[in-house]
Amino acid sequence: MPELPEVEVVRRGVERWVVGRMVESVQVFDARSLRRHTAGVLDFQERLAGLTVDSAQRRGKFLWLPLRDGAEAEPARSLLVHLGMSGQLLVASEDQPAPRHERIRLGLSPSASETGEPLPEQARFVDQRIFGGMLLDPLVPSTDGHGLVPEHAAHIARDPLDPLFDVAAFHAALRRRRTGLKRALLDQGLISGIGNIYADEALWAARLHWAAPTETMTAPRTRELVAACQEVMRRALDAGGTSFDSLYVNVNGESGYFARSLNAYGREGLPCPRCEAAGEDGVIVREKFANRSSYRCSRCQKRPRRFRP
DNA sequence: TATCGGGCCTGTAGGC
DNA sequence: TGCCTACAGGCCCGAT
């Protein structure tokens with residue numbers, strides 16, 4: 001499932017393979033992947049073709065490619081990409097067979113690597129469940145005054161790996177909320193990039209229960225939680241992301257290995273690794289949370305007296 | 001205004 | 001074998 005580390009892996013791939021190249025053609029195989037581009041498929045195709053990819057940017061799980069028209073000094077719009085829960089952005093050569101669930105294909109201008117090898121001519125957006133999508137979006141000033149962001153991503157908070165992420169501001173916002181910790185971690189307007197998997201992993205690392213009330217957090221506990229988020233995501237990034245199946249791959253179609261390093265998520269009934277190492281008997285339990293699952297250790301992530309499910 | 005829950009989607013697994 | 005149901009989950013929007 002693409003969360004921040006997976007999207008960052010894809011961003012790096014796009015930076016290496018796609019930046020600096022012109023979009024020469026746009027094929028749309030499934031209009032549902034352009035659901036958020038309200039002007040429609042034709043508008044998307046006509047306006048995107050002929051623009052050059054200036055860079056590859058990311059905030060949380062949103063990835064965007066600022067686009068430059070030949071005569072422009074600065075990009076004024078971007079191709080905003082969200083992978084949803086099954087989206088992939090693959091680079092491929094024309095002779096490679098079309099993958100199943102390919103929704104959008106971009107033909108790229110010819111280019112060569114440093115060694116003179118020709119680069120793949122296509123970028124393919126593949127999305128089995130169509131929760132993700134693309135849109136052409138104007139770039140607007142970020143609400144914190146630093147840089148430009150696509151209009152549709154302007155409401156997204158900075159993520160914990162962003163050098164400009166403000167822990168004190170996050171703590172203050174957390175204290176103002178009247179909800180449970182996990183719900184807050186999944187709120188992309190509060191802190192971005194965290195999905196169900198890394199929320200469980202970060203809460204496990206910080207020994208916090210998912211339903212602990214946000215208003216009970218102290219500043220040191222918030223710092224510990226943010227540090228846990230950063231640590232979990234950095235390790236996932238080093239491993240190339242989390243792959244449970246073929247739903248997440250990098251731009252070259254390769255899977256990541258972080259799933260092997262998960263401590264809580266998906267480990268129902270197994271011993272808690274931390275408790276096991278200490279000779280204790282904690283077990284990972286699975287609980288219903290907002291129509292999905294939450295995993296925690298029965299012993300070191302005890303249910304708080306006050307509880308906000 | 002803040003919070004919550006349902007809908008969007010498809011493939012897979014499991015039960016019958 | 002084939003049908004049905006539950007489940008996975010990020011984001012958006014309407015309801016409370």
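The model shown is predicted, which means the values in this text are computed figures rather than measured ones. Throughout, a chain's letter reflects where its sequence line sits, starting with A, and its residues are numbered from 1.
The nearest whole Å value for the distance from the CD atom in A/Q128 to the C1' atom in C/dG10 is 15 Å. Straight-line distance from the CG atom of A/D187 to the P atom of C/dC13: 15 Å, rounded to whole Å. Between the CG atom of A/L83 and the P atom of B/dC9 there is a distance of 18 Å, rounded to whole Å. Here the P atom of nucleotide C/dC11 and the CD1 atom of A/I194 are 11 Å apart, to the nearest Å. Atom-to-atom, CG of A/L80 to P of C/dC12 comes out at 9 Å; the value is rounded to the nearest Å. Counting to the nearest Å, the C1' atom of C/dC11 and the CE atom of A/M85 are 12 Å from each other. Rounded to a whole Å, the CD1 atom of A/I197 is 18 Å from the P atom of C/dC7. What separates CG of A/L186 from P of B/dG5 is a distance of 13 Å, to the nearest Å.
With B/dC9, B/dG5, B/dG11 as the candidates, the nucleotide lying closest to the side chain of A/R183 is B/dG5. With B/dC4, B/dG11, C/dG10 as the choices, the nucleotide that has an atom nearest any side-chain atom of A/E3 turns out to be C/dG10. The side chain of A/R129 sits closest to B/dC9 out of B/dT3, C/dC11, B/dC9. Looking at the side chain of A/R286, the nearest of the listed nucleotides B/dC9, B/dG11, C/dA8 is C/dA8. Listed nucleotides: C/dC7, C/dC11, B/dG11. Nearest to the side chain of A/K288: C/dC7. Of the candidate nucleotides B/dC4, B/dT10, C/dA8, C/dA8 has the atom lying nearest to any side-chain atom of A/S293.
Ion pair A/D159/A/K61 not flagged as a salt bridge, since none of the NZ, NE, NH1 or NH2 atoms sits closer than 4.0 Å to an Asp/Glu carboxylate oxygen. The residues A/K182 and A/E287 are annotated as not salt-bridged, no charged nitrogen and carboxylate oxygen being separated by less than 4.0 angstrom.
Across all strands shown, A/F62 has heavy atoms under 4.0 Å from sugar-phosphate atoms exclusively, and none from any base. A/H155 comes within contact range of the sugar-phosphate backbone alone, with a heavy-atom separation under 4.0 Å but no base atom that close.
Inter-residue side-chain proximity for A/V14 and A/L65 is flagged as met; some heavy-atom pair is nearer than 4.5 Å.
For B/dC8, the OP1/OP2 oxygens have no side-chain nitrogen or oxygen of A/R35 closer than 4.0 Å. Close to B/dG11, at under 4.0 Å from its OP1 or OP2, lies a side-chain N or O of A/R100. Under 4.0 angstrom from either OP1 or OP2 of C/dC11 there lies at least one side-chain N or O belonging to A/Q188. Considering only side-chain N and O atoms, A/R178 lies nowhere under 4.0 angstrom from the phosphate OP1 or OP2 of B/dC4. Residue A/H82 places none of its side-chain N or O atoms closer than 4.0 Å to OP1 or OP2 of C/dG10.
Exactly one of A/L89, A/L80, A/V28, A/L63 qualifies for a side-chain contact (heavy atoms from CB on, under 4.5 Å) with A/M134. That residue is A/L89.
A/S293 and A/R286 share a donor-acceptor pair across their side chains, judged by distance under 3.5 Å alone.
Between A/R292 and A/T179, the residue whose closest nucleotide on DNA chain B is further toward the 5' end is A/T179.
Judged by distance alone, with hydrogens and angles left aside, the side-chain atoms of A/R183 form no donor-acceptor pair with the main-chain N or O of A/F289 at under 3.5 Å.
On a pure distance criterion of 3.5 Å, no polar donor-acceptor pair joins the side chain of A/R176 and the base of B/dA2.
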